[in-house]
Amino acid sequence: MKLDTLIGEPWGDYGLVDCGHGRKLERYGDYRFIRPEPQALWAPAHDFWQAHGEFVPGSDEDGGGQWHYTRLVPRDGWPLAWGVGPGTVRFTAQNTPFRHLGFFPDMAPVWSWLREQLDGVAEPEALNLFGYTGVGTLALSAAGAKMVHVDASKKSVDAARANAKLSGMTDRPVRWIVDDAAKFVAREVRRGRRYDAILLDPPKYGRGPDGEIWRLEEHLPALIADCRQLLDSNSRALFLTVYAVRMSALAIGEMLRQAFADLPGTVECGELGVREEARGLVLPTAIWARWSND
């Protein structure tokens, strides 16, 4: 199976300014932040970075750490935008305890690709699993899709609703659902539901609203099998991204190839990355696999 790379390019409200020596400097609107980046094995373009804050990881292996600020930053967040014209999505960026800023900017090429797959489909319906703060949901909704947004965290779904309001999209057909993704998909299969596209961005480990345990390596194959049952020969696409695991893109690509062997179309896989503004190099961030009915 051929490997490909999807590259997130800088846009008005986001850019990877520089990276190296295990860290990265990014701009989020008017603010700049430094975060750990284990894959930045090279030297940075510049020796000194000016930033509003830096996330310093803890000494344990559980992903702890905290933000250290050198300048004032709005603690309740600040508005950003992605897209142009009527397809623009507006959302709030915020320094979270989990080292990210409330959305994943390297997903931008994924949102664009899914929009292309749904282009021309009359009233497409799409499902966003592990939807987090809803930027992907709103990106597809702004392009005309009827959306179902699922996340186990009520706080995240509330943030997604707030982003919909910020985008002026509260009247869009979006179902906001707080639920365990695997349980929700299994119920949709029993209901005989179908979708034109599915986006899923599962964590390595997580808990559902009722304490359900999610472990990627254990539970992903069954989830993909159920997602396959929600798609048919008239569906357009499924896109899967995987972060922070010791797993190959070829592995998830083969899993998808077997699951979709009975449908027409193409299965591809590869790496996701962000282009650095300083030198144009690409920083890898995740692996992905996708099915498209082309």
Side-chain angles (χ1 to χ4, degrees), residues 1-8 83 87 89 104 106-131 134-150 172-175 177 181-182 184-202 219-242 247-272 286-294:
M1 186 178 295
K2 181 183 177 182
L3 291 171
D4 199 1
T5 304
L6 283 180
I7 301 173
V89 175
F104 300 102
D106 55 339
M107 290 290 289
V110 179
W111 307 330
S112 296
W113 183 83
L114 282 169
R115 279 181 166 188
E116 292 172 3
Q117 303 310 303
L118 294 175
D119 187 37
V121 178
E123 298 185 341
E125 296 187 51
L127 172 63
N128 187 5
L129 299 171
F130 311 96
V135 183
T137 294
L138 297 174
L140 297 182
S141 181
K146 296 180 180 179
M147 296 299 303
V148 177
H149 173 104
V150 181
R172 292 291 304 155
V174 180
R175 293 173 58 202
I177 297 174
F184 176 81
V185 169
R187 287 198 303 273
E188 290 288 86
V189 171
R190 293 195 294 270
R191 293 169 182 142
R193 290 274 287 135
R194 72 165 295 277
Y195 291 90
D196 293 293
I198 298 176
L199 169 60
L200 62 162
D201 183 24
H219 300 122
L220 183 59
L223 178 60
I224 292 296
D226 279 346
C227 285
R228 159 63 192 88
Q229 298 305 310
L230 300 180
L231 302 167
D232 59 26
S233 59
N234 293 317
S235 300
R236 303 308 306 158
L238 176 142
F239 204 107
L240 165 69
T241 53
V242 174
M247 187 182 295
S248 166
L250 291 171
I252 62 172
E254 180 59 28
M255 177 187 63
L256 224 61
R257 189 188 69 80
Q258 291 189 11
F260 285 80
D262 62 330
L263 285 184
T266 304
V267 171
E268 302 167 288
C269 64
E271 292 196 24
L272 198 61
I287 58 175
W288 58 265
R290 68 189 182 193
W291 166 78
S292 57
N293 194 358
D294 46 16

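On a predicted model such as this, the values are computed, not experimentally measured, just so you know.
Using cut-offs of 30° and 60° for the angle between ring planes, the Phe239 and Trp113 rings count as perpendicular.
Leu256 CG to Gln258 CD: the interatomic distance, rounded to the nearest 0.5 Å, is 10.5 Å. Atom CH2 in Trp288 sits 10.5 Å away from atom CD in Glu271 (nearest 0.5 Å). Going from atom CZ of Arg290 over to atom CD of Gln117 covers 7.0 Å, rounded to the nearest 0.5 Å. The distance from the CG atom of Leu199 to the CG atom of Leu129 is 8.0 Å, given to the nearest 0.5 Å. With rounding to the nearest 0.5 angstrom, the CZ atom of Arg172 is 4.0 Å from the OG atom of Ser141. With rounding to the nearest 0.5 angstrom, the CG atom of Leu238 is 10.5 Å from the OG atom of Ser292.
Taking the ring axis of Tyr195 as reference, the NZ or CZ atom of Arg193 stays within 45° of it and closer than 6.0 Å to the ring centre.
Summarising the geometry of Arg194 relative to Ser235, their closest heavy-atom pair is NH2-OG, 3.2 Å, with the distance given to 0.1 Å. Of all heavy-atom pairs spanning Arg115 and Ala139, the tightest one is NE-O, 2.8 Å. Closest approach of Leu114 to Ala237, counting heavy atoms only: CD2-CB, 4.0 Å. Closest heavy-atom contact between Ala197 and Leu231: N-CD2, 4.3 Å. Closest heavy-atom contact between Ile224 and Ala259: CG2-CB, 3.8 Å. A pairwise comparison of heavy atoms in Ala249 and Gly270 identifies CB-O, 3.4 Å as the closest pair.
Judged by distance alone, the side chain of Asp201 and the main-chain N or O of Gly131 form no donor-acceptor pair under 3.5 Å. In this structure a side-chain-to-backbone donor-acceptor pair under 3.5 Å is missing from Asp196 to Pro124. Between the Asp226 side chain and the Val185 main chain, no donor and acceptor come within less than 3.5 Å of each other.
Between Leu138 and Met147, the closest side-chain pair of non-hydrogen atoms is not below 4.5 Å. Contact annotation: the side chain of Ile287 never approaches that of Ser248 to less than 4.5 Å [non-hydrogen atoms, C-beta and beyond]. Looking only at side-chain heavy atoms (C-beta outward), Leu3 and Cys269 come within less than 4.5 Å of each other. A 4.5 Å side-chain heavy-atom check between Leu200 and Leu223 finds at least one atom pair inside the cut-off. A heavy-atom distance below 4.5 Å is not found between the side chains of Thr266 and Trp291.
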Start with the C-alpha gap between Met107 and Thr241, add the side-chain angles, then the distance that decides, and say whether side-chain contact (heavy atoms from CB on, under 4.5 Å) holds.
CA-CA 9 Å; Met107 290 290 289; Thr241 53; 3.8 Å; yes
Pair Glu125, Val148 - check side-chain contact (heavy atoms from CB on, under 4.5 Å), show working.
CA-CA 8 Å; Glu125 296 187 51; Val148 177; 6.0 Å; no
Worked verdict on Leu240 versus Leu220 for side-chain contact (heavy atoms from CB on, under 4.5 Å)
CA-CA 10 Å; Leu240 165 69; Leu220 183 59; 4.1 Å; yes
Show your reasoning for whether side-chain contact (heavy atoms from CB on, under 4.5 Å) applies to Asn128 and Leu140.
CA-CA 10 Å; Asn128 187 5; Leu140 297 182; over 6 Å; no
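In summary, Asp294 and Arg236 do not engage in a salt bridge, as defined by a charged side-chain N under 4.0 Å from a carboxylate O. In summary, Lys146 and Glu123 engage in a salt bridge, as defined by a charged side-chain N under 4.0 Å from a carboxylate O.
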